[in-house]
Structure formats: C-alpha cells, structure tokens
Peer 1: 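Shown below is the structure under consideration.
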Amino acid sequence: MEYNFLEIEKKWQKYWSDNEVFKVEIDPSKPKYYVLDMFPYPSGAGLHVGHPLGYIASDIYSRYKRLKGYNVLHPMGYDAFGLPAEQYAIQTGQHPAVTTEKNIARYREQLDRIGFSYDWSREIRTCDPSYYKWTQWAFLEMFAHWYNIETDRAEKISDLITVFEKEGNLNIKASCSNVKKFTADEWNQFSEKEKADILMCYRIAYLGETSVNWCAALGTVLANDEVKDGISIRGGYPVEQKKMLQWQLRVSAYAERLLKDLDSIDWTDSLKEMQRNWIGRSEGAEMIFKVSNGLQEFDMEIFTTRADTVFGVTFMVLAPESDWVDKLTTPQQRKAVEDYVNYCKKKTERERIAETRKVTGIFTGSYAVNPFTNEKIPVWISEYVLAGYGTGAIMAVPAHDSRDYAFAKQFNLPIVPLIEGCDVSDESFDAKNGVMCNSGFLNGLSVEQAIPAAIEEVEKRGIGWRKVNYRLRDAIFSRQRYWGEPFPIYYKDGIATPLGFEHLPLKLPEIDKFLPTEDGEPPLARAGNWTFEGYPLEKSTMPGFAGSSAYYLRYMDPHNDNSLVSKEADEYWKNVDLYIGGTEHATGHLIYSRFWNKFLFDLGYVCESEPFKKLVNQGMIQGRSNFVYRIKGTNKFVSCGLKDKYDTTEIHVDVNIVSNDRLNIDAFRKWMPEFADAEFILENGEYICGWAIEKMSKSMFNVVNPDMVCDKYGADTLRMYEMFLGPLEQSKPWDTNGIDGVHRFLKRFWRLFFNKDKFSVSYEKASIKEYKILHKLIKKVEDDIENFSFNTSVSAFMIAVNELYETGCNKREILEPMLILLSPFAPHVAEELWSLLGHGDSISKAIFPEYIQSYTVEDTFEYPVAFNGKMRFKLTLKRDLPKSEIEDLVAKSPETLKYLGEGKISKIIVVPNKIINIVF
RNA sequence: GCUCGGGUGGUGGAAUAGGUAGACACGCAGGACUUAAAAUCCUGUGGGCAGCAAUGUCCGUACGGGUUCAAUUCCCGUCCCGAGCACCA
C-alpha cells in the first residue's frame, strides 16, 4: 500500500476537528502543562515556511507532554489590531475588520494543514470586543492604582486619597511623576481639578507630558521598542522627538522586580541579558552642586556612577531640554543658547544618531562650585546629555569619561587625571581600576574602594545620597490611530474620568475615513458622536502591545464574561510552562507582559508573579534564492558553472521552478513572457542555478509556501524537515534540497508495516538486538525532546529505521512503541498506522509509559575491572555490552588505556549514553 | 566601542563533566531492478602518500601557542562571522 499522505492527512485532520480531540478542560487528577506560541499578526501575505517553525516545535512538545500523561493547554489566536491593516484601509477604504477577518481565515486554513494540536475552542482575537473588554478593564485597574515603594506593590488610589486627607503626601513614598509636597489641610482645600492633577501623577496608567517618538508619516507616536535607528520598525519612516500629552504606563515602577525576577525564570542568557540592558540598572549617587547665574543661587542635582571622580570635575553639562537651561542662561549668552537649543530641537532622532561623534555645545554663562575642591567650574549645554536619564544634568570628568573628554578637547576645558600613572594626553582613562591621586581624602584608595568611600562622604556632608537609576522608561500608551482598543476614558470638565466597568467593552466607532482629521486630531474624532453622557471620549487608541500583554491569561478561561480569568482556571493553569517565539519581542512584548502580569499579581488576580516560566527562541528561517545568468544583450542563459566565460547579468528566478538547483526549463519559459523563447547553455544536459541566502521575500522570488510543501510531500514531512534543518534556536536558510531525505524516511517507516501491499505486523517476540534498537531510540528521543534538540531526534528515528531494515523487523512489540514516539513529529502517519494496528481511538489519547513499562531495562550497569591509577577515566563504548566483551575491550583498548599500567580498576560504570566511567 | 554567541567535508549539521571527529541527511560517483523513466535497493564518498587489493600510514574541527597519556571540547593570544546595546553619566 502506498503512503498516500494527502488522503491520510485530510482524514485525520477532519477526525481531530470533528471529535475535538485536543479540547482541554481543567482536570485536577492530571498535572497541567501550558505550551504557548507567540500568536501571529495575520498579515495579508499569509504564512511562509519560516513562520511555522516555532509552532511545529511547540506542537511536538505539546503532543509529547500529552503522551507523558499531562493535561496540556495548547491554544492559538491572533494579534489582530495593528498598523498594516489600518494602512491598507487608508489606501483602499476597506475596513480593517474586513481585511483582518479575511487574513485570519487564510491563516487558519494554512495552520490547519500542518496538523497542529491546538484547542481551537479557546481561540482569541485581540480585536474582538469580548476580548478587548479585558484589555480596557486592565487599563482601568492601572488607572485606579498607584505604586507604593514601601510595600513594593500596587495599591488602590482610594487608599492614597485617605492618606492625603489625613497627612498630605509628606510621608508617601511612591513611584510617581514630579509632584510638589502638600499637607492634609492643603489637600482638602485643593479644587477637584487640582486633586485630579495630583492623583494623575501617582496613577500607574497616567496622562502626562513627555517627549515622544513622533512618526509624522504614520501620524502617531511610537514606543521605544517600535523605533530602531530613528526609523519606525513598521513602515520604516523617520521619527522625531516631540513633547506631547500622552497616556503612559508606569513600567518604571516595576524595574527592580522585572530585573530581579529574571533570575527565577528559565530563559536563555542572551534574552535575559537583553532585558537587563533594556532595564539598565546602574548604581551610583545623586549629588548636589551649587550653581549660580550671578543673580541667583540654586542647588542642582546630578547623577553619577563615579562619585570617586568628583575631584576631577572641571565643568558641568545640561541636556538642551533641561529645565535648568532657562534658569542658568545669563543675558549675555541668551541668544547663543537659544540658537543652540533650537538647533538641537530641529534634529530628528535619526540625525542625532548619525552625528553621534560630532561634538557640539554652548556655555550658559553660569558657574557651579565643585563641593570638594571649591573650584568654580563652568556650566555648559550639550546634546550628548540626555534629558530623560538621571536628572538631565551631569558632572563632567574629562579625564575618566570619553564623552566628557571629547567635549573638553573641543572646547579647551581642563582635564585633571585622578588615577596614578594614567595617561590622558590622547584619550580618557575610563576603566574602573587603578589607585586614586589628586583626590584629597581618596588618595591611595583603589577605584573599587573609592566609589563607596566617596558616596559615604557625600552623604555625611549632606550633599547627596546613594541612588539607583534605571534606563527603563514608562511605556507610552497612546496611539493616534483607529485600529486599536479605545480608551475607556472621558473628559468631564477637563478631568480624565474612567468609564464604569458596566460600560465595557467600549466598542470602536464606525468612521468614514481612517485618516487623522484636517486639524490633526486622531481618526476617532471623525466618529459622529464620540462622547459619553455628553462628554468627549478619549480619541487615541491603545498600542499593539496592549492586547498581547495578558492574552496568555485569557486562554485559560476565554469565554468568561465576568472576569479576565476565573480564580479556578488561574489556580489550575497558573502560568505558561513553555513559551516559544522570536527574539524580536525581547524588549517589547516580553517586558510589557511581565509588567502587566506583576501588576495583576499585586492586585491578586493572578497567582504567579512571572507569566512565562521557560522561554525558547526559535531562529529565523531565511530564504535561499536561486539565480539564472543571462548573457548581456541576448535572451540566452548560461548554467552557473560556465557563467564566468561570458558577460552575464544575474537574475532572481522563482525557487518553485528550481529543484536541487536544477532549473525546470519548461516552467521557466512559461514563468514570464520575456523568457518564452529563452535559450540555454547547459552543463551535462542540465541548467544549474546559482544561489544565495537572503531574507525570505516576494521580491527575491524565494518565498516557499507551506501549502506547496504539504501538497508535494505532506505535512508530516514538512514538520519533520523543519526540525531536521538544524538546531531550533539557530537561524538558517530554507533549503528544499534535503527534504527528499525526510520524505524517504517516512516512506521507509511506513513500509515497515507492510509486506508488499498487505498490512503485515508480526506478533513474534522481538530479539535482544531489536529491543536495543528500540530502547536506544526511546532514550535518545526523550532526552532530545526535553532539550529541544529536535534535529537530532529526527536523525535518531532515521537510524532506528535503517537498523530495523537490517534485521527485517516487523514486530508489533517494537513498532508500536516506536509509532507512539513518532506521533508528536508525524501525527498523521502515526494515527493512520495506529488505526491499522486495530486501535479504536486516536493515538493522541495514548499514554506512552503504559506501552513502554514492560520493556524498561536497567539504566546503569557496573562491571568490576582491575585498575590502579590516580585519575578518573572514561572510555566511549556502546551501551550494555556483556561483561566479557567489556573486559575484552579494556584489555585491548587504545594506547591511552595502556598508559594506565598495571593497577586495579574497582569497577566500570556504564551510563545510559554510551559512556563508561572507570572508577577506582 | 561594549556585551553575548559562533567558525567542523562539496552542503545542512552530529559529537563537548576531555576519550575512535565527521553520526544522520543532502549532493556526487558506481551498481541492481526497468524497454525507459519515476520509485526502490546496494556500494563508495575529509585530504595526501603507498598498494592490484583487503589494508597501511601521515595530515586534518578558522589561525598561533599552552595544559594533558589524550583537546573540536579547557586556558592565553590573533583573525573572521552573526546577534544585541550604543552618547544611559
């Protein structure tokens, strides 16, 4: 019987869907396991073979865990709000909901063909009102809470008001925006508006003025992680800095917890490192410098990590946007300073980055006093100091900071070295080592000792304090776009007021056009009556990450209309055990999700403080492009190996008409009219194409659609081949060349169960040799799956099948467990053979240990052997050899063994993976 | 510039608490079956040298050193490639 994958796959996909085989419910009798994929944004282009890589891996793992007796939650959904659908809507007038719906249908069709074991009854879409109700709800909760630094958690705003009424904010330690101190009396006399403004400074979701990434082409602001090199990631448009009033989430309040809890989760080091960099914790001190513009004296705070270098401070620098600029500019310098500040303002983020090494700046005219040397030092302004970090002002130590050094050289400012023997004539000495000099009481100390000593002294003199700074900023949460969640906020007498829970979801209104209004308001302003009880509703919408921040919780209880997730579901499913997705979300989604989860944890809605216990990053699949070589000025094409003999032009050719780098000439002639009468110069009767690894994209003609692979080889081959391609985490090109090998394996496996055309499986007892083949395979595949080394487990199957061919084995005792083991990888084939073996139900319901127990063999064997020596010794041998053979091997083993001399080996330990430890 | 990864046949890649490097697969070459093709199966396949041959022998995991009886694996230095961060004081 032929291995008819098309028929088999269709049959079992229908069976799974008709019988809801993968539907899961809470089942306290079984251990739970939650496997999650990063849900896709359904783009118009559909899936290419790169997209399912992670999904296949997670599916194999899910199926494997089911075989191991776990109750596996493995859901899928769509991150359906977003810019591309909206941009498309602007161009075509087509409503984003319509295109999104269409794209989702296409995605679903493609996903279904690959045979995933998703519980589709739990599907969610972020653009669905019943889903975004809970996004809006979470926002309202953030609006209704503030961050108490003393208890280190989010608490109710209503409790904060109670404190304000009793004692003002004098004793409150909160993570908040700049807010003045007030007493209870003062609080009680504030107007409603004043109170609202103060509370806004404390809320975790708050409205505040901030410098934002403004993308004029997209007409919206973007978060830091949505911008790279001054260019928007979606669309690639320039981005500029602009001050705007925006909704923000106080992510910064959670910086320390986000950092610390990285230690408790099983993510790759590189990913954790990225998050650590993004959070950017740095320990140091805030210090007060006295500054004077000649008329007035001020205390100016700066942040430094190098308090030890304070004796070398020879000037101060302000960020151009700093509030100090205005206060410290003297009349004589006013014009020059204004010119400089305007010059900085005009620059886009991109220009600033491009000119990183250009040193610019201007003197304010004011001076500060170095608190340790009492020297008068000038205060400058320069764009190399950032307004958003620290206090927006620095003490400059040119001898030991390369940026200060460049600035000092440019403007001829003094450079005072502070470390013995360092040479600062060409460059600064930035390293944190050496012995201090020119530094008063710090002289003779190492840098390591000097830093804390200096901070101690600063605190003693009352001119500063220890301080930890973070690079992580609050997340800007407003987007001036249509296709996103509306804010459940209206403005009553200018006060931002939350909608009551009973009014959720606040649905997106219909509008005529998806563009901003003529006077620059967001598209929602076009809605005829975008008001609540006569008051205007917020016109921006939430960003893409809003809907994806808590979706993993919703899967646990997707149809619950009373809460995001029920207590019962949350306590059973807890958090995601395995999360698979790309690295591109390292500093976006994965930070926001962790923040969101911690917030809900503080409020008691979820029982775990981290959302994703283990995270695996799958690599990207690149395209493998093919080329043909046209001889210039002709319609004649020369095969790759001969192309150097001619003057040719390299032309991309559709990889779908090339096989193993051989061009299908007929298909090529039909591919494009201009090639209809093409002529060819062949090598050995074939046209060989050139190739290159490039990004998979339409314009390179290297996009491979999974549907095509399923048509030609079947989903099981696609699944196994994607795994066989190489390590999961590694990026690698899609190379169709090797796929025949995997397909051949499946056909060989299939034929093990057949004799000629007849299904034929023997009930004979298996031989020792055959047991060894099976158990070697089980051991290997289980270890590999646990380590996400799927490529080597595919190889292990191939080896086992080759070996079974050698023994001519068709014994049920061997083939049945093997089939179960293969089922996570190639579920359709496994189901078909399983049913041919006479099983009534799905192999997906089988529990592996039940089939394997009777065959289990000992893991460790010990063989006493004579040896004397001093070291532990290992020798690679095959597993579970008879004792005599081992001794024999030891006796006549390689040179290295002879070295051991005539001693006594007490025993040799054979551990499962072929290693022998010789102990004595 | 800084921080992580990584350099193994013609190709994708195996093998690291140090122990026969190149599993498995692709490709290639030869063979069987076939009128032929597809499919399938078998054999060979890192390089050099010697041999009719089985085989023997030397060199080989980016490069140069080191530790060790033994190094793809550990240590030091150099060169390349990839990823992330980048005026974060």
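Reminder, nothing fancy here: chain letters follow the sequence lines and each chain counts from 1.
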Peer 1: Could you give the CG-to-C1' distance, from A:D783 to B:rA15, as a whole number of Å?
Peer 2: 15 Å

Peer 1: To the nearest angstrom, how far is A:L318 atom CG from B:rC87 atom P?
Peer 2: 19 Å

Peer 1: Answer with yes or no after comparing the ring centroid distance for A:Y713 and A:F5 against a 6.0 Å cut-off, counting only values under it.
Peer 2: no

Peer 1: In this structure, how many angstroms lie between the C1' atom of B:rU8 and the CD atom of A:Q730, rounded?
Peer 2: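 So the CD-C1' distance, A:Q730 to B:rU8, works out to 13 Å.
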
Peer 1: Quickly work out the A:N617 CG to B:rG82 P distance and round it to whole Å.
Peer 2: 20 Å

Peer 1: At less than 4.0 Å, is any side-chain N or O atom of A:Y384 found next to OP1 or OP2 of B:rA89? Yes or no.
Peer 2: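 The answer is no; no side-chain N or O of A:Y384 sits under 4.0 Å from OP1 or OP2.
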
Peer 1: Quantified in whole Å, what is the C1' atom distance between nucleotide B:rC28 and nucleotide B:rU35?
Peer 2: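 Taking atom C1' in both B:rC28 and B:rU35, they lie 27 Å apart.
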
Peer 1: When the nearest nucleotide of RNA chain B is assigned to A:N277 and to A:G726 on a heavy-atom basis, which residue is associated with the more 5' position?
Peer 2: A:G726

Peer 1: I'd like to compare against my own output: the B/S/- annotation of nucleotides 21-30 of chain B with a strict under-4.0 Å heavy-atom distance to protein.
Peer 2: --BBSSSS--

Peer 1: So what's B:rC74 paired with, Watson-Crick or G-U wobble, going by both distances under 3.5 Å?
Peer 2: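 Across any shown strand, B:rC74 pairs with B:rG66.
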
Peer 1: Expressed in whole Å, how much space separates the C1' atoms belonging to B:rG27 and B:rC49?
Peer 2: 27 Å

Peer 1: Both distances below 3.5 Å, Watson-Crick or wobble geometry, any strand: find the nucleotide opposite B:rA39.
Peer 2: none

Peer 1: Indicate whether the side chain of A:Y470 and that of A:S252 have a donor and an acceptor atom separated by less than 3.5 Å.
Peer 2: no

Peer 1: So what does A:L725 hit on the nucleic acid, given a heavy-atom distance under 4.0 Å: a base, only sugar-phosphate, or nothing?
Peer 2: sugar-phosphate

Peer 1: Can you check the distance between B:rU11 and B:rG47, where both ends of the measurement are the P atom (answer in whole Å)?
Peer 2: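 Nearest-Å result for B:rU11 against B:rG47 at atom P: 12 Å.
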
Peer 1: Rounding to the closest angstrom, what is the interatomic distance between B:rG12 and B:rA62 at atom P?
Peer 2: 14 Å

Peer 1: Using the C1' atom as the point on both nucleotides, what is the distance between B:rA29 and B:rG10, in whole Å?
Peer 2: 13 Å

Peer 1: Quick one: A:Y470 OH to B:rA89 C1', roughly how many Å, whole number?
Peer 2: 17 Å

Peer 1: For B:rG7, is chi within 90° of 0 (syn) or not (anti)?
Peer 2: anti

Peer 1: Is there a Watson-Crick or G-U wobble partner for B:rC49 with both distances under 3.5 Å, and if so, which one is it?
Peer 2: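 The answer is B:rG56, by the H-bond criterion.
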
Peer 1: I'd like the P distance from B:rG22 over to B:rU16, given in whole Å.
Peer 2: 13 Å

Peer 1: Base, sugar-phosphate, or nothing: which does A:P727 touch, judged by heavy atoms less than 4.0 Å apart?
Peer 2: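 Contact class for A:P727: sugar-phosphate only.
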
Peer 1: Do NZ/NE/NH1/NH2 and the carboxylate oxygens of A:E803 and A:K776 come within less than 4.0 Å?
Peer 2: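 Here A:E803 pairs with A:K776 in a salt bridge, since their nearest N and O are under 4.0 Å apart.
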
Peer 1: Return yes when atom CD of A:E729 has more than 12 non-hydrogen atoms of other residues, nucleotides or ligands closer than 6.0 Å, and no otherwise.
Peer 2: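 Yes - once you tally the heavy atoms of other residues, nucleotides and ligands closer than 6.0 Å, there are more than 12.
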
Peer 1: With a 3.5 Å limit on both atom pairs, tell me what B:rC24 is paired to, counting Watson-Crick and G-U wobble, or say none.
Peer 2: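 Matched B:rC24 with B:rG12 under the 3.5 Å cut-off.
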
Peer 1: Check whether any side-chain N or O of A:R471 sits under 4.0 Å from OP1 or OP2 of B:rA86, and answer yes or no.
Peer 2: yes

Peer 1: At less than 4.0 Å, is any side-chain N or O atom of A:R748 found next to OP1 or OP2 of B:rC41? Yes or no.
Peer 2: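 Yes, such a contact exists.
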
Peer 1: For A:Y805, is the NZ or CZ atom of A:R748 found under 6.0 angstrom from the centre of its six-membered ring and inside 45 degrees of the ring axis?
Peer 2: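 Yes, A:R748 sits over the ring of A:Y805.
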
Peer 1: Before accepting this row, confirm whether a basic side-chain N of the pair A:R281/A:E256 lies closer than 4.0 Å to the acidic partner's carboxylate O.
Peer 2: yes

Peer 1: How many Å lie between CG on A:N787 and P on B:rA15, as a whole number?
Peer 2: 10 Å

Peer 1: Think A:R751 has a side-chain N or O under 4.0 angstrom from the OP1 or OP2 of B:rC41?
Peer 2: yes

Peer 1: Do the side chains of A:R276 and A:D269 get close enough for a salt bridge, i.e. N-O under 4.0 angstrom?
Peer 2: no

Peer 1: Before giving the answer on ring pair (Phe, Tyr, Trp, His ring centres under 6.0 Å), spell out for A:W380 and A:Y340 the whole-Å C-alpha distance, their side-chain angles and the decisive distance to 0.1 Å.
Peer 2: CA-CA 11 Å; A:W380 285 68; A:Y340 181 71; 9.5 Å; no

Peer 1: Measure the distance from CD on A:E806 to C1' on B:rC41 and round it to the nearest whole Å.
Peer 2: 13 Å

Peer 1: Under a 3.5 Å cut-off for both contacts, is B:rU3 paired Watson-Crick or G-U wobble with anything, and if yes, with which nucleotide?
Peer 2: B:rA83

Peer 1: Please report the distance separating the P of B:rG44 from the corresponding atom of B:rG60, rounded so that it comes out in whole Å.
Peer 2: 27 Å

Peer 1: At less than 4.0 Å, is any side-chain N or O atom of A:S402 found next to OP1 or OP2 of B:rC87? Yes or no.
Peer 2: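 No, because none of the side-chain N or O atoms of A:S402 sits under 4.0 Å from OP1 or OP2 of B:rC87.
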
Peer 1: Taking the C1' atom of each, how far is B:rC41 from B:rC52, in whole Å?
Peer 2: 29 Å

Peer 1: If you draw the axis of the six-membered ring of A:W750, does the NZ or CZ of A:R744 fall within 45° of it and under 6.0 Å from the ring centre?
Peer 2: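 Judged by the rule (NZ or CZ under 6.0 Å from the ring centre, within 45° of its axis), A:R744 is not positioned above A:W750.
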
Peer 1: To the nearest angstrom, how far is A:K695 atom NZ from B:rG82 atom C1'?
Peer 2: 17 Å

Peer 1: Does A:D404 or A:K732 map to a spot on RNA chain B nearer the 5' end, using the closest nucleotide for each?
Peer 2: A:K732

